[in-house]
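So the structure is just underneath, and the comments pick up after that.
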Amino acid sequence: ENTLDKGSSLSYIKRLCVDHLFTYEGYLKAVKKKFDMSYKIPLYISDTIQLIPTKRTRDYENIWINYASIFRIEVDQQIQKITFYSGNTIHINSSNKTLKQQIKYLEQIRNTKVKHFHTY
């Protein structure tokens, strides 16, 4: 068991990765090496779980947003209003450029993972 608080979002994310048969640390290492990413790395777990961090992952105020659950993103200056399929909304203070970059990274990761699963 790690030393993180059992209730922290990062410890939950780590358990979620293990439930899907990989480690968070191994995933980060592979993504950093393959895509030359090092900051706010999105996490592709499955078609229904695609997580984008809003801040550095160890930041207490970080929120993981499930991209697969997003219905619409509206931009007002530095504020992103994200509406989910559930009807819930969240406002995050982040530039549109940063969020678009995260989505682009997530798509690169997803395309690589899906391609590897269909090679046999």
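As a basis for the values below, the full set of heavy atoms in this structure was taken, side chains included, without hydrogen atoms, waters or symmetry mates.
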Under a 4.5 Å side-chain heavy-atom rule over Ile, Leu, Val, Met, Phe, Trp and Tyr, are Tyr85 and Leu106 clustered together?
no
Please check this pair: side chain of Asn62 against backbone of Pro53, looking for a donor-acceptor N/O pair closer than 3.5 Å.
no
What's the verdict on side chain to side chain contact (heavy atoms under 4.5 Å, CB included) for Ile79 and Ile92, showing C-alpha distance, side-chain angles and the deciding distance?
CA-CA 6 Å; Ile79 304 293; Ile92 58 169; over 6 Å; no
Side chain to side chain contact (heavy atoms under 4.5 Å, CB included) evaluation trace for Tyr24 with Thr57:
CA-CA 11 Å; Tyr24 179 69; Thr57 55; 3.4 Å; yes
Pair Phe84 and Phe71, ring centroids less than 6.0 Å apart:
no
Is Val75 reachable from Ile52 through a run of I, L, V, M, F, W or Y residues, each pair having side-chain heavy atoms under 4.5 Å apart?
no
Leu10 and Arg58: CA distance, side-chain angles, deciding distance, side chain to side chain contact (heavy atoms under 4.5 Å, CB included) verdict:
CA-CA 7 Å; Leu10 191 55; Arg58 293 193 178 277; 3.7 Å; yes
For the side chain of Asp59 and the backbone of Lys55, is there at least one donor-acceptor N/O pair under 3.5 Å apart?
no
Could you give me the CA-CA distance, side-chain angles and deciding distance for Lys81 and Ile73, then say whether side chain to side chain contact (heavy atoms under 4.5 Å, CB included) is met?
CA-CA 6 Å; Lys81 178 184 177 190; Ile73 300 172; over 6 Å; no
Please tell me if the side chains of His20 and Phe22 come closer than 4.5 Å, counting only heavy atoms from C-beta onward.
yes
Any side-chain heavy-atom pair of Gln50 and Leu43 under 4.5 Å
no
Judged by atom type as modelled, is there a donor-acceptor pair below 3.5 Å linking the side chain of Asn66 to the main-chain atoms of Leu51?
no
Taking Thr112 for its side chain and Gln108 for its backbone only, find out whether a donor-acceptor pair lies under 3.5 Å.
yes
Of the non-hydrogen atoms in Gln80 and Ser94, which two are nearest, and what is the gap between them?
NE2-O, 2.8 Å
Quick check: do Val18 and Leu21 have side-chain heavy atoms less than 4.5 Å from each other?
no
Please report the shortest heavy-atom distance between Ile41 and Trp64, naming the atom on each side.
O-CZ3, 4.3 Å
Can you confirm whether Thr54 sits close enough to Lys40 that some side-chain heavy atom of one is under 4.5 Å from a side-chain heavy atom of the other?
no
Donor-acceptor check, side chain of Asn88 to backbone of Thr83, threshold 3.5 angstrom: yes or no?
no
Does Lys33 make a cation-pi contact with Tyr27, if we ask for NZ or CZ under 6.0 Å from the ring centre and within 45° of the axis?
no
Is the shortest side-chain heavy-atom distance between Glu107 and Arg110 below 4.5 Å?
yes
